[in-house]
Amino acid sequence: MVGSVAETEAWMDQAVTMAKEALENGEVPVGCLMVYNNEIIGRGKNEVNETKNATRHAEMVAIDEVIEWCHEHNKEPKDVFAHTVLYVTVEPCIMCAAALRMMKIPLVVYGCQNERFGGCGSVLNISSATLADTGEPFQCIAGYRAEEAVEMLKTFYKQENPNAPKSKVRKKESSN
Ligand SMILES: [Zn+2]
């Protein structure tokens with residue numbers, strides 16, 4: 001289902017561009033594409049701050065776009081998702097990994113690990129776990145453009161620190 005290395009690089013290049021846009025918008029820099037029959041049918045970048053909705057991760061935005069595409073093209077989402085590859089700059093989190101299982105996406109190509117929330121091995125292994133009532137496991141190919149993806153995350157979390165509620169942090173520390 002996955003094309004040549006050059007094709008994969010080209011999809012990941014577009015995902016990286018979307019992650020850069022997210023970073024410029026003050027969002028967690030994650031970008032992704034859903035590719036079906038060699039065509040992009042869904043795109044997403046993290047929109048949590050813009051929408052003030054903690055669930056609007058790149059993957060969730062892209063899933064909604066694919067469902068819309070299916071409606072427009074008179075196709076069953078379950079048939080389309082079963083043949084769709086997700087290209088995403090960062091390992092999907094636990095929530096998104098569970099959503100990908102439920103949609104029965106078979107393959108995810110991603111960049112760097114998600115050490116805080118990763119659902120494909122870093123924190124939990126939702127992607128390959130035996131979960132009878134939660135869709136299907138999916139395969140992962142990791143490491144494409146990982147260094148750039150990590151650099152963007154580092155840049156984001158460095159920017160975030162000055163905005164952290166300092167008094168709360170101090171309170172926490174003193175109560176420990
Ligand atoms: Zn997520």
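Note that ligands are numbered from 1 as they come in the structure, with each ligand's atoms numbered from 1 the same way. Keep in mind that the numbers below use all heavy atoms, side chains included, and drop hydrogens, waters and symmetry copies.
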| Geometric cation-pi criterion, R43 with Y87: 6.0 Å, 45° |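 Here R43 fails the 6.0 Å and 45° test against Y87.
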| Should we say atom CD of E7 is surrounded by more than 12 heavy atoms from elsewhere, each under 6.0 Å from it? |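 Count over threshold, so yes.
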| If you count the non-hydrogen atoms of other residues, nucleotides and ligands that lie under 6.0 Å from CD in E147, is the total more than 12? |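 Check fails, neighbour count at 12 or below.
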| When the ring centroid of Y36 is compared with that of W69, is the distance short of 6.0 Å? |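 Yes, ring centres under 6.0 Å apart.
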| request: Apply the side chain to side chain contact (heavy atoms under 4.5 Å, CB included) test between I40 and each candidate in M34, E65, Q14; give the one that qualifies. | output: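 The passing option is Q14.
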| said: Could you tell me if E91 and S122 have a donor-acceptor pair between their side chains, going purely by distance under 3.5 Å? | reply: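 Yes - a donor-acceptor pair under 3.5 Å links their side chains.
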| task | With 2.8 Å as the limit, jot down which protein N, O or S atoms are around the Zn ion (ligand 1). | result |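 For the Zn ion (ligand 1), the protein N, O and S atoms that sit under 2.8 Å away are H57 ND1, C93 SG, C96 SG.
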